[in-house]
Q: 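Before I ask anything, let me first share the structure, which is written out below as structure tokens.
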Amino acid sequence: MVFGQVVIGPPGSGKTTYCNGMSQFLSLVGRKVAVINLDPANDALPYECAINIEDLIKLSDVMSEHSLGPNGGLVYCMDYLEKNIDWVEEKLKPLIEDHYLLFDFPGQVELFFLHSNARSIIYKLIKKLNLRLTAVHLIDAHLCCDPGKYVSALLLSLSTMLHMELPHINVLSKIDLIENYGNLAFNLNFYTDVEDLSYLQRHLDQDPRSAKYRKLTKELCDVIDDFGLVNFTTLDIQDKESVGNLVKLIDKSNGYIFSSIDSSVVEFSKIAAAPLDWDYYRTAEVQEKYMKDDEFVQKTSKTR
């Protein structure tokens, strides 16, 4: 079995930065990582990618040749990639034996809650290559500072979860910057746990721009509450402890943590039922590598 992440989210949510930071973290804890760039508009990559969609198709070429805008061009590129899925499969085959995969997708949100091509690409790869993937959906944390934008983020997250049908983790990215946008109306747990949204509606009613949509907002919040699927974890990509906590959630969702334990019912039930305390620094080789990093040791020693 091959494990990995499908990294998605709106433009500016930090997907490329996330892939760069996550690949570095996983490499440091002993995993071989391959980053697959499937964003044809991302021509300034901070990481070294194992597969780059621009070797197959470029957004700029599509836009000039077919007189399309960036949104239409991205849809065309995803359609083209779906029809040429064999190209991706051949590129992936040398990697699946011993690599952990990170798929960096475009930021056009319609691809993940409306169009079917991105989902088809993922499912074809899962079926043909026996992949175990988790969707990591990034949302910029500053949206919590605006009740209307936060409700929109909830709707987007819910729609994406239902459309993609993958193990799914919603992440409030750039949490270290949230204070720069002002005080939150409630404590952070309210936004991560998606608690009673009726309290949020009172703040929306105070905004003259959204007051006239009071009934619509209430109905939308009721839909989110009725499904009861959406919650968030937080992430500061520059903080090792924050990244490590997220990796634990991802590994539990796609089954990575089960791959190295004995296949006994007791062991499986311990991990499935209890809070995860997975020690990523358990091997002597990795421990020795980090003994020189005093700051890292101080941060991780609390979780051991």
Q: Give me each pair satisfying ring-ring contact (aromatic ring centres under 6.0 Å, His included) with a member in residues 29-61, each pair once, sequence neighbours excluded.
A: none
Q: Taking only residues two or more places apart in sequence or in another chain, which ones pass side chain to side chain donor-acceptor pair (under 3.5 Å) with E89?
A: K128
Q: Classify the ring geometry of Y100 against Y256: parallel below 30°, tilted from 30° to 60°, perpendicular beyond 60°.
A: perpendicular
Q: Checking salt bridge (Lys or Arg N to Asp or Glu O under 4.0 Å) for the pair R31/D251: CA distance, chi angles, key distance, verdict?
A: CA-CA 13 Å; R31 300 190 198 180; D251 286 353; 2.4 Å; yes
Q: What heavy-atom pair brings K240 and F25 nearest, and what distance separates the two atoms?
A: O-CE1, 3.7 Å
Q: Y76: which residues meet the ring-ring contact (aromatic ring centres under 6.0 Å, His included) condition with it, sequence neighbours left out?
A: H66
Q: State plainly whether one hydrophobic cluster holds both I85 and L111, where clusters connect Ile, Leu, Val, Met, Phe, Trp and Tyr through side-chain heavy atoms under 4.5 angstrom apart.
A: yes
Q: Assess the residue pair S152 and L143 against the criterion (side-chain contact (heavy atoms from CB on, under 4.5 Å)); give the C-alpha distance rounded to whole Å, side-chain angles, the decisive distance to 0.1 Å, and a yes or no.
A: CA-CA 9 Å; S152 298; L143 297 181; over 6 Å; no
Q: Any chain of hydrophobic side-chain contacts (each under 4.5 Å) joining L131 to Y123?
A: yes
Q: Would you indicate whether N183, at its atom CG, is surrounded by more than 12 heavy atoms from other residues, nucleotides or ligands within a distance under 6.0 Å?
A: no
Q: Would a 4.5 Å heavy-atom cut-off, applied to side chains only, mark H163 and R119 as touching?
A: yes
Q: Within a 6.0 Å radius of atom CD on E219, are there more than 12 heavy atoms belonging to other residues, nucleotides or ligands?
A: yes
Q: In Å, rounded to the nearest 0.5 Å, how long is the span from CG of L129 to CD1 of I96?
A: 5.0 Å
Q: Drop me the distance from I237's CD1 to I175's CD1, to the nearest 0.5 angstrom.
A: 13.0 Å
Q: Shared ILVMFWY cluster between I122 and L56, side chains joined below 4.5 angstrom?
A: yes
Q: Taking the side chain as every heavy atom from C-beta outward, state whether L154 and L197 have any atom pair closer than 4.5 Å.
A: yes
Q: Would a hydrophobic clustering, with Ile, Leu, Val, Met, Phe, Trp and Tyr connected at side-chain separations under 4.5 Å, put V109 with V75?
A: no
Q: Which residues pass the salt bridge (Lys or Arg N to Asp or Glu O under 4.0 Å) test with K149, not counting sequence neighbours?
A: none
Q: Is a side-chain donor or acceptor of S242 paired with a backbone partner of Q238 at a separation under 3.5 angstrom?
A: no
Q: With sequence neighbours excluded, what pairs up with D79 under the salt bridge (Lys or Arg N to Asp or Glu O under 4.0 Å) test?
A: none
Q: At what distance, to the nearest 0.5 angstrom, does SG of C77 lie from CE of M63?
A: 9.5 Å
Q: Taking all heavy atoms of C221 and all of V151, pick out the closest pair and write down the distance.
A: SG-CG2, 4.2 Å
Q: What heavy-atom pair brings C145 and L184 nearest, and what distance separates the two atoms?
A: SG-CD2, 3.8 Å
Q: Please identify each residue that fulfils ring-ring contact (aromatic ring centres under 6.0 Å, His included) with F103, with sequence neighbours left out.
A: none
Q: Check whether any side-chain heavy atom of S157 sits under 4.5 Å from a side-chain heavy atom of F232, and report yes or no.
A: yes
Q: Shortest non-hydrogen contact from P106 to F112?
A: O-CE1, 3.4 Å
Q: Provide the full list of side chain to side chain donor-acceptor pair (under 3.5 Å) pairs with a residue in residues 226-237, sequence neighbours left out, each pair given once.
A: none
Q: Just by modelled atom types, is the D39 backbone N or O under 3.5 Å from a matching donor or acceptor in the N37 side chain?
A: yes
Q: Assess the residue pair W87 and K91 against the criterion (side-chain contact (heavy atoms from CB on, under 4.5 Å)); give the C-alpha distance rounded to whole Å, side-chain angles, the decisive distance to 0.1 Å, and a yes or no.
A: CA-CA 6 Å; W87 180 85; K91 295 280 188 179; 3.7 Å; yes
Q: Under 3.5 Å, side chain of S159 to main-chain N/O of L156, donor-acceptor pair present?
A: no
Q: side-chain contact (heavy atoms from CB on, under 4.5 Å), that's the test. Do I57 and V62 meet it? Break it down for me.
A: CA-CA 8 Å; I57 188 171; V62 170; 3.5 Å; yes
Q: Any salt bridge (Lys or Arg N to Asp or Glu O under 4.0 Å) involving residues 174-186? Give me the pairs, sequence neighbours left out, ordered by first then second residue.
A: D140-K174
Q: Just by modelled atom types, is the F3 backbone N or O under 3.5 Å from a matching donor or acceptor in the H99 side chain?
A: no
Q: Measuring from I8:CD1 to L138:CG, what's the distance to the nearest 0.5 Å?
A: 8.5 Å
Q: Which heavy atom in G72 sits nearest to a heavy atom in L68, and how many Å separate them?
A: O-CD1, 3.9 Å
Q: Can you say whether the rings of F190 and Y199 are parallel (under 30°), tilted (30 to 60°) or perpendicular (over 60°)?
A: perpendicular
Q: If you look at every heavy atom in I250 and T134, which pair is closest and at what distance?
A: O-OG1, 3.8 Å
Q: I'd like to know if V88 and L133 are part of one continuous hydrophobic network [Ile/Leu/Val/Met/Phe/Trp/Tyr, side-chain heavy atoms within less than 4.5 Å].
A: yes
Q: Among all residues two or more places apart in sequence or in another chain, which pass the side chain to side chain donor-acceptor pair (under 3.5 Å) test with Y191?
A: none
Q: Does the side chain of L101 come within less than 4.5 Å of V33's, by heavy atoms?
A: no
Q: Answer whether the closest heavy-atom distance between the side chains of M22 and V136 falls below 4.5 Å.
A: no
Q: To the nearest 0.5 Å, how far apart are CD1 in I224 and CG in L200?
A: 9.5 Å
Q: Enter the distance from H142:NE2 to L172:CG here, rounded to the nearest 0.5 Å.
A: 11.5 Å
Q: Could you tabulate the donor-acceptor pairs under 3.5 Å formed by side-chain atoms of residues 10-17, not counting sequence neighbours?
A:
| from | atom 1 | to | atom 2 | distance (Å) |
| --- | --- | --- | --- | --- |
| S13 | OG | P10 | O | 2.7 |
| K15 | NZ | G9 | O | 3.1 |
| K15 | NZ | P10 | O | 3.1 |
| T16 | OG1 | N42 | ND2 | 2.8 |
| T16 | OG1 | D104 | OD2 | 3.3 |

Q: Decide yes or no for I126 and L166: does some side-chain heavy atom of the first lie under 4.5 Å from some side-chain heavy atom of the second?
A: yes
Q: Before giving the answer on side-chain contact (heavy atoms from CB on, under 4.5 Å), spell out for N71 and Q108 the whole-Å C-alpha distance, their side-chain angles and the decisive distance to 0.1 Å.
A: CA-CA 7 Å; N71 290 342; Q108 188 179 4; 3.4 Å; yes
Q: Could you work out, with salt bridge (Lys or Arg N to Asp or Glu O under 4.0 Å) as the rule, every residue matching E82, not counting sequence neighbours?
A: K124
Q: Is it the case that N20 and Q24 place a side-chain donor and acceptor less than 3.5 Å from each other?
A: yes
Q: Check whether any side-chain heavy atom of M161 sits under 4.5 Å from a side-chain heavy atom of M164, and report yes or no.
A: no
Q: With D86, which residues qualify under side chain to side chain donor-acceptor pair (under 3.5 Å), at least two apart?
A: none
Q: Below 4.5 Å, heavy atoms only, C-beta onward: do N170 and I139 meet side chain to side chain?
A: no
